[in-house]
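What follows is a set of notes on a single structure, which appears directly below.
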Amino acid sequence: MQVRDTDVALMRLALAEAQAALATADVPVGAVVVATDGTLLGAGRNRREADSDPTAHAEIVALRAAASALGSWRLEGATLVVTLEPCAMCAGAIVNSRIARLVFGAEDPKAGAVGSLWDLVRDRRLNHRPEVVGGVLAQECAEPLRTFFASQRSDPR
């Protein structure tokens with residue numbers, strides 16, 4: 001699929017969310033949800049450590065905020081922009097929320113469910129399949145993750 005002019009600007013917003021996740025020792029992943037008119041509906045960053053919640057991935061946090069803003073779980077027409085390829089849990093939430101378009105940055109070869117290990121969001125057996133655009137600012141999105149995990153490996157804890 002095709003990268004839109006706004007995708008890069010939105011990815012930069014998601015990258016700012018990812019950077020903020022570092023303050024709570026969470027993996028630096030960020031996400032934003034926007035309506036078809038470009039209105040920001042929700043933003044999120046990983047909060048698993050901050051909230052002691054295994055489901056507090058950036059995508060889930062952003063989807064919850066967007067649903068709350070709209071007063072509906074149906075996010076039809078909306079775009080989710082996230083710095084890392086979604087995992088299986090998040091891919092399922094994307095399908096179930098009826099997101100129209102998914103834009104992601106870095107691929108996740110260990111847990112990615114949008115092409116790397118699985119391709120849940122484009123599975124023809126499901127009732128909804130969003131448009132997918134991957135690789136937007138991929139290197140910029142991957143760098144905070146590389147740095148974070150390198151520091152985790154060197155931490156003597």
Side-chain angles (χ1 to χ4, degrees), residues 1-51 53-70 75 77-95 97 99-122 130-155:
M1 294 294 161
Q2 197 162 355
V3 176
R4 297 180 184 168
D5 294 339
T6 56
D7 292 344
V8 172
L10 292 170
M11 189 61 77
R12 293 206 187 285
L13 290 176
L15 278 163
E17 288 291 326
Q19 191 65 34
L22 293 170
T24 55
D26 276 288
V27 177
V29 177
V32 295
V33 178
V34 295
T36 54
D37 67 358
T39 302
L40 181 66
L41 298 174
R45 57 184 161 273
N46 274 2
R47 297 191 50 84
R48 292 186 310 169
E49 298 296 332
D51 297 348
D53 180 354
T55 68
H57 287 201
E59 300 95 321
I60 302 294
V61 173
L63 290 170
R64 286 177 179 156
S68 180
L70 288 177
L75 302 178
T79 297
L80 170 67
V81 179
V82 59
T83 58
L84 181 65
E85 177 184 356
C87 69
M89 175 183 69
C90 294
I94 290 163
V95 170
S97 67
I99 285 288
R101 194 162 178 272
L102 166 64
V103 178
F104 70 89
E107 291 182 352
D108 186 351
K110 293 183 178 180
V114 186
S116 289
L117 292 180
W118 305 281
D119 198 350
L120 295 177
V121 299
R122 291 179 281 210
E131 174 187 342
V132 176
V133 178
V136 175
L137 298 180
Q139 293 302 320
E140 272 186 67
C141 291
E143 190 53 39
L145 294 163
R146 275 194 284 277
T147 302
F148 177 83
F149 287 114
S151 73
Q152 295 295 305
R153 287 188 292 276
S154 65
D155 188 349

Does atom CG of Asp5 have more than 12 heavy-atom neighbours from other groups under 6.0 Å away?
no
If you measure from OG on Ser68 to CG on Leu41, what distance do you get to the nearest 0.5 Å?
10.5 Å
Between Asp108 and Lys110 (side chain of the first, backbone of the second, donor and acceptor by atom type, cut-off under 3.5 Å), is there such a pair?
yes
Flag, side chain of Glu85 to backbone of Gly105, donor-acceptor distance under 3.5 Å
no
If you count the non-hydrogen atoms of other residues, nucleotides and ligands that lie under 6.0 Å from CD in Gln19, is the total more than 12?
no
Pairwise side-chain contact, Arg122 with Val132, heavy-atom cut-off 4.5 Å (strictly under):
yes
Is any side-chain heavy atom of Val61 less than 4.5 Å from a side-chain heavy atom of Leu63?
no
Tell me whether Asn46 contacts the main-chain N or O of Val27 through its side chain, where contact means a donor paired with an acceptor under 3.5 Å.
yes
Would you check if the side chain of Ser116 reaches a backbone N or O of Glu107 as a donor-acceptor pair within less than 3.5 Å?
no
Keeping Thr147 on the side-chain end and Glu143 on the backbone end, is there a donor-acceptor pair under 3.5 Å?
yes
Just by modelled atom types, is the Glu49 backbone N or O under 3.5 Å from a matching donor or acceptor in the Asp26 side chain?
yes
Going by an N to O cut-off under 4.0 Å, is there a salt bridge joining Asp7 and Arg101?
yes
Could you walk me through whether Thr55 and Arg64 satisfy the side chain to side chain contact (heavy atoms under 4.5 Å, CB included) test, starting with their C-alpha distance in whole Å, then the side-chain angles of each, then the deciding distance to 0.1 Å, before giving a yes or no?
CA-CA 11 Å; Thr55 68; Arg64 286 177 179 156; 3.5 Å; yes
Side chains of Arg12 and Val8: does their closest heavy-atom pair fall under 4.5 Å?
yes
So do Leu40 and Val32 actually touch side chain to side chain, heavy atoms under 4.5 Å?
yes
Evaluate the criterion side chain to side chain contact (heavy atoms under 4.5 Å, CB included) for residue pair Leu102 and Val114; output intermediate values, then yes/no.
CA-CA 10 Å; Leu102 166 64; Val114 186; 3.9 Å; yes
